[in-house]
Amino acid sequence: MTVVTRFAPSPTGFLHIGGARTALFNYLFARHHGGKYLLRIEDTDRARSTREAVDAILEGLAWLGLSGDEAPVFQHAGLARHAEVARELVAKGRAYHCYCSPEELETMRAEARAKGRTALYDGRWRDLDPSEAPAGIDPVVRLKTPLEGETVIDDLVQGRVTVQNSQIDDFILLRADGTPTYMHSVVVDDHDMGITHVIRGDDHLNNAFRQAQLFKAMDWPVPAFAHIPLIHGQDGAKLSKRHGALGVEAYREMGYLADALCNYLLRLGWGHGDDEIIPRAQAVEWFDLDGVGRSASRFDMAKLDNLNGHYLRETPDAEIADLISARLEERPDVTLDAAARQRVGRGLSGVKARAKTLVDLADGLAFYAARRPLAMNDKAQALLTDEARGLMQALASALDTVADWTEEALEAAVRELAEQREVKLGAVAQPLRAALTGSNASPGIFEVLAILGREEAQARIKDIC
RNA sequence: GACCCCUUCGUCUAGUGGCCUAGGACAACGGCCUCUCACGCCGUAAACACGGGUUCGAGUCCCGUAGGGGUCGCCA
């Protein structure tokens, strides 16, 4: 049997972090087993679905490298087929019309709750004859689920889960307006698309029992289910916008790399021994559902940062340069002319080790392309004492005598000055750093000096004298 | 409330009855390196929710308790 998985988001908002992980697991599982990974947009709720959300989700997936193997299926397009299946069920006596009004159902639920029972539909129209139907009311179609016995799901993550059929009510297949509900569309589409493995968040675990009943009612094979635990926020509560439930594009904006985010998401709820750094190809080779844990996990930005720093260092400079030039150009203090661009390019590897995100990288690199005179941060300002300025004047003269403007020669010249003045290297290096970068923290100062070039470096030194 | 699920360091996890004196990673802390900040390296602290069983032996199996989560829509 060829494995077919699907990621099926509803387009009511951006692709959030939990959805991204669900997509990743579906993708990885399909790839690992040499199967297919499909996308389906669950837009049966036309009122809440938007074109913008569809675009945001598709773009987010593309960024993460998780686009489907085929064009996405839009559930809304299957309306006629969904209705047809429901009619077939009614014809077979496995579904029926229910004429309850929403108000009537509300009353029923309130009463059930008051008695301490689950607020399930009580099946009052299950055995009534259509001739008893009230006039002028459009009925919904409900599935006739078994009254006795139990439904068992052998979940690939959660294990064997059993629920009494008395806990499963006759849920709605078709609304009064004839449109299918999510519960119904999912089953029909999963069947029609040949889905063999349904991998989704465990908030759907309870739905699986209902859906299994619907598959059985149609005499369709029930796919394998794998309900993966949800992701919680840093405080253990449900993910909210405050801590992590942002769209993936927000992470992109914050300077995270797609590879890093995927690696992080992969390790959230899944493990392979002590392995932490797992590139895509390795993940495809290793991933399987038996490695997925059963408890919810918390989203931890600090670990994401660490992973991102790692991937940043692994990514070739040329690729990174493309990623940050737009960020650099947006800065008001920067002019990205050819010379500046070249300096940024040469300085890249030196700043990489200091950055966790592309934002950090752009910040750390900006001084190479900044216009003079440089803005000084407080600590840099504090380094520029009168004494330090005197040293810088002397240094400017000393640098005039350096024939080859190379890192080695510059280091020798600076060290020599420090020795002459009988001060520690830091006493010269720190004010120099302030003058050259406007900051108290930067890559090695000789590297900075070399990359800036004689003219620019001397000008920056003289600016502060 | 009913039903379902979960519970190993602060966090992500390894662990599938003896290999566990519970391992790794992030974070924290200390140190080395050093012109700063990082990177890197070395080290420290830190967990089997609780109570009963089963067993020669339990983090691992069973029951209960507590805590957490999810679901109970003509939403998905």
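Within every chain, numbering begins at 1; the chains are lettered A, B, ... in the order of the sequence lines, protein sequences first and strands thereafter.
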What's the gap between [N] and [M] when it is taken at their [atom1] atoms, as a whole Å value?
{"N": "B:rU60", "M": "B:rC41", "atom1": "C1'", "answer": "36 Å"}
{"N": "B:rC19", "M": "B:rG31", "atom1": "P", "answer": "37 Å"}
{"N": "B:rC48", "M": "B:rG43", "atom1": "P", "answer": "24 Å"}
{"N": "B:rU54", "M": "B:rA14", "atom1": "P", "answer": "30 Å"}
{"N": "B:rA46", "M": "B:rA22", "atom1": "C1'", "answer": "13 Å"}
{"N": "B:rA58", "M": "B:rU11", "atom1": "P", "answer": "27 Å"}
{"N": "B:rG69", "M": "B:rC33", "atom1": "C1'", "answer": "46 Å"}
{"N": "B:rU7", "M": "B:rG59", "atom1": "C1'", "answer": "12 Å"}

With both distances under 3.5 Å as the test, what is the Watson-Crick or G-U wobble partner of [N]?
{"N": "B:rA25", "answer": "B:rU11"}
{"N": "B:rC19", "answer": "none"}
{"N": "B:rA2", "answer": "B:rU71"}
{"N": "B:rA58", "answer": "none"}
{"N": "B:rA49", "answer": "B:rU65"}
{"N": "B:rU34", "answer": "none"}

Using whole Å, what does the distance between atom [atom2] of nucleotide [N] and atom [atom1] of [X] come to?
{"X": "A:I277", "N": "B:rC26", "atom1": "CD1", "atom2": "P", "answer": "9 Å"}
{"X": "A:H82", "N": "B:rA76", "atom1": "NE2", "atom2": "C1'", "answer": "14 Å"}
{"X": "A:I172", "N": "B:rC72", "atom1": "CD1", "atom2": "P", "answer": "13 Å"}
{"X": "A:N440", "N": "B:rU34", "atom1": "CG", "atom2": "P", "answer": "21 Å"}
{"X": "A:M301", "N": "B:rA28", "atom1": "CE", "atom2": "C1'", "answer": "19 Å"}
{"X": "A:N306", "N": "B:rG40", "atom1": "CG", "atom2": "P", "answer": "8 Å"}
{"X": "A:D305", "N": "B:rA38", "atom1": "CG", "atom2": "P", "answer": "14 Å"}
{"X": "A:D202", "N": "B:rC5", "atom1": "CG", "atom2": "P", "answer": "11 Å"}

Under 4.0 angstrom, heavy atoms only, what part of the nucleic acid is [X] near: base, sugar-phosphate, or nothing?
{"X": "A:F446", "answer": "base"}
{"X": "A:R313", "answer": "sugar-phosphate"}
{"X": "A:E276", "answer": "base"}
{"X": "A:S439", "answer": "nothing"}
{"X": "A:C98", "answer": "nothing"}
{"X": "A:H272", "answer": "nothing"}
{"X": "A:P9", "answer": "nothing"}
{"X": "A:G309", "answer": "nothing"}
{"X": "A:I445", "answer": "base"}

From CZ (A:F446) to CD (A:E407), nearest 0.5 Å
8.5 Å

Which nucleotide wins on minimum distance to the side chain of [X], given the candidates [options]?
{"X": "A:A302", "options": "B:rU13, B:rG24, B:rC26", "answer": "B:rC26"}
{"X": "A:K303", "options": "B:rA25, B:rC35, B:rA76", "answer": "B:rA25"}
{"X": "A:R294", "options": "B:rC12, B:rC6, B:rG70", "answer": "B:rC6"}
{"X": "A:D203", "options": "B:rC39, B:rA76, B:rU71", "answer": "B:rU71"}
{"X": "A:A353", "options": "B:rA27, B:rA38, B:rC74", "answer": "B:rA38"}
{"X": "A:L425", "options": "B:rG40, B:rC4, B:rC35", "answer": "B:rC35"}
{"X": "A:R298", "options": "B:rA76, B:rU11, B:rC72", "answer": "B:rU11"}
{"X": "A:V163", "options": "B:rC3, B:rA76, B:rU71", "answer": "B:rC3"}
{"X": "A:H232", "options": "B:rC12, B:rG69, B:rG24", "answer": "B:rG69"}
{"X": "A:T44", "options": "B:rC74, B:rU36, B:rA76", "answer": "B:rA76"}

By nearest-heavy-atom nucleotide on RNA chain B, the more 5' of A:R142 and A:R415 is A:R415

If you find the nucleotide of RNA chain B closest to A:D45 and the one closest to A:R433, which residue's nucleotide is nearer the 5' end?
A:R433

I'd like to know if the side chain of [X] pairs up with that of [Y] as donor and acceptor (distance under 3.5 Å, no hydrogens or angles considered).
{"X": "A:Y311", "Y": "A:N263", "value": "yes"}
{"X": "A:T12", "Y": "A:R48", "value": "no"}
{"X": "A:D305", "Y": "A:Y256", "value": "yes"}
{"X": "A:D170", "Y": "A:Y96", "value": "yes"}
{"X": "A:D155", "Y": "A:H227", "value": "yes"}
{"X": "A:N165", "Y": "A:E148", "value": "no"}
{"X": "A:Q213", "Y": "A:T151", "value": "yes"}

With a 3.5 Å cut-off and heavy atoms only, can you find an N or O donor on one side and an acceptor on the other between the side chain of [X] and the base of [N]?
{"X": "A:D274", "N": "B:rG23", "answer": "yes"}
{"X": "A:R354", "N": "B:rC39", "answer": "no"}
{"X": "A:N207", "N": "B:rA76", "answer": "yes"}

Out of A:R354, A:K356, A:R331, A:R327, which one pairs with A:D363 under the salt bridge (charged side-chain N to carboxylate O under 4.0 Å, His left out) rule?
A:R331

